[in-house]
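In what follows, a single structure is set out as structure tokens and then discussed.
Residue numbers start from 1 in every chain, and the chains themselves are labelled A, B, ... in the order their sequence lines are given, proteins ahead of strands. Computed from a prediction, not measured in an experiment: that's the story for all the values here.
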Protein chains: 2
Amino acid sequence: MDPRKRARLDSAGWKVGSAADFLDLTPEETAFVEMKVALARYARGLRTQSGLTQTETAMRLGSSQSRVAKLEAADATVSLDLLVKALLTLGATPADVGRVIASHTATSAGS
Amino acid sequence: MDPRKRARLDSAGWKVGSAADFLDLTPEETAFVEMKVALARYARGLRTQSGLTQTETAMRLGSSQSRVAKLEAADATVSLDLLVKALLTLGATPADVGRVIASHTATSAGS
DNA sequence: CAAGGATATGTCAGAAGCGACATACGCGCA
DNA sequence: TGCGCGTATGTCGCTTCTGACATATCCTTG
């Protein structure tokens, strides 16, 4: 089920290459994952910049420390909804969110 | 529920104002909804511009006509994930998505 | 080394979202 | 007027996400 777990299990012999190559993701799936990663990074930045711990942040969000950890790790079980709601609660504006998505995400399919 | 929401409860008589005033939404909730509405509008634009029906679009997305209708109506049961995945599948880039969020959304928290 | 705070990882019951289906609404055309 | 096509709305069973908790892994600091 979980693609990441499968990936780990199958990785007896290593190959170089991006995760997108290794897993078989469509370009759209890749782009989607990259968006989440970019937002997750931004979320961590917002938090650390405020000197907050994950636990404190979790309380602000009405969530738990573990979920914040997963959120910042762009875990597969974390939805875009949660990610974006968290960012807004941490003080980001929609403009900020849009900017992060637009600028920190590789647009073209690339090689 | 949320302590910060309480403030607006007492509007006895009508006032003109946005849905966000009328419902009891925090600024973040309002911003989130506005993001979804902007993306939903954009989704409809992409579809109609391609001359597709909701049913045809649904097949491309591996979904159903009803869900596409709800998606374009920014229905509450439609997640950001679905919205964004749909946009990417319909040909939008992450940059497009970011731009829509950043520019078609009222930014300031303000009153 | 031990203790303590912060972060990561695994699991679960319950909530939320999903595709699918049925059906209602709107509108043009015969 | 009735039919056909596109869209909207409501519901349902199943899947996925969520908060919570337990626990593991780092780092510091004494």
Of the listed nucleotides C/dT9, C/dA20, D/dG6, the one nearest the side chain of B/Ser66: C/dA20
Nearest-angstrom distance from the residue atom CD of A/Glu56 to P of C/dT7: 9 Å
Single-linkage hydrophobic cluster, 4.5 Å side-chain cutoff, A/Val33 and A/Val84 together: no
Length of the line joining A/Arg47:CZ and C/dA8:C1', which is rounded to integer Å: 12 Å
Listed nucleotide nearest any side-chain atom of A/Arg44, set D/dT9, C/dT7, D/dC21: C/dT7
A/Lys70 NZ - D/dG19 P separation (whole Å): 11 Å
Distance, rounded to the nearest Å, where B/Gln54 contributes CD and C/dG19 contributes C1': 15 Å
From CA spacing to verdict: side-chain contact (heavy atoms from CB on, under 4.5 Å), B/Leu80, B/Phe32: CA-CA 9 Å; B/Leu80 245 195; B/Phe32 186 75; 3.7 Å; yes
Point-to-point distance, once rounded to the nearest 0.5 Å, from CG of A/Leu87 to CG of A/Leu71: 7.5 Å
Interatomic distance, A/Leu71 CG vs C/dT9 C1' [rounded to whole Å]: 15 Å
Presence of donor-acceptor pair under 3.5 Å, side chain of B/Gln65 and base of D/dA8: yes
A/Arg60 versus A/Thr89, closest heavy-atom pair with distance: O-CG2, 4.1 Å
Member of A/Val78, A/Leu61, A/Leu82 meeting the side chain to side chain contact (heavy atoms under 4.5 Å, CB included) criterion with A/Val68: A/Leu61
Every protein N/O within reach of nucleotides 16-18 of chain C N/O, cut-off under 3.5 Å:
{"residue": "C/dC18", "atom": "OP1", "partner": "B/Ser79", "partner atom": "OG", "Å": "2.5"}
{"residue": "C/dC18", "atom": "OP2", "partner": "B/Arg67", "partner atom": "NH1", "Å": "2.9"}
{"residue": "C/dC18", "atom": "OP2", "partner": "B/Thr77", "partner atom": "O", "Å": "2.6"}
{"residue": "C/dC18", "atom": "OP2", "partner": "B/Ser79", "partner atom": "N", "Å": "3.3"}

Gap between atoms CE and C1', on B/Met59 and C/dG19 respectively (whole Å): 15 Å
Sugar-phosphate, base or nothing in reach of A/Thr53, heavy atoms under 4.0 Å: sugar-phosphate
Single hit among A/Lys36, A/Arg67, A/Arg47 for salt bridge (charged side-chain N to carboxylate O under 4.0 Å, His left out) with A/Glu72: A/Arg47
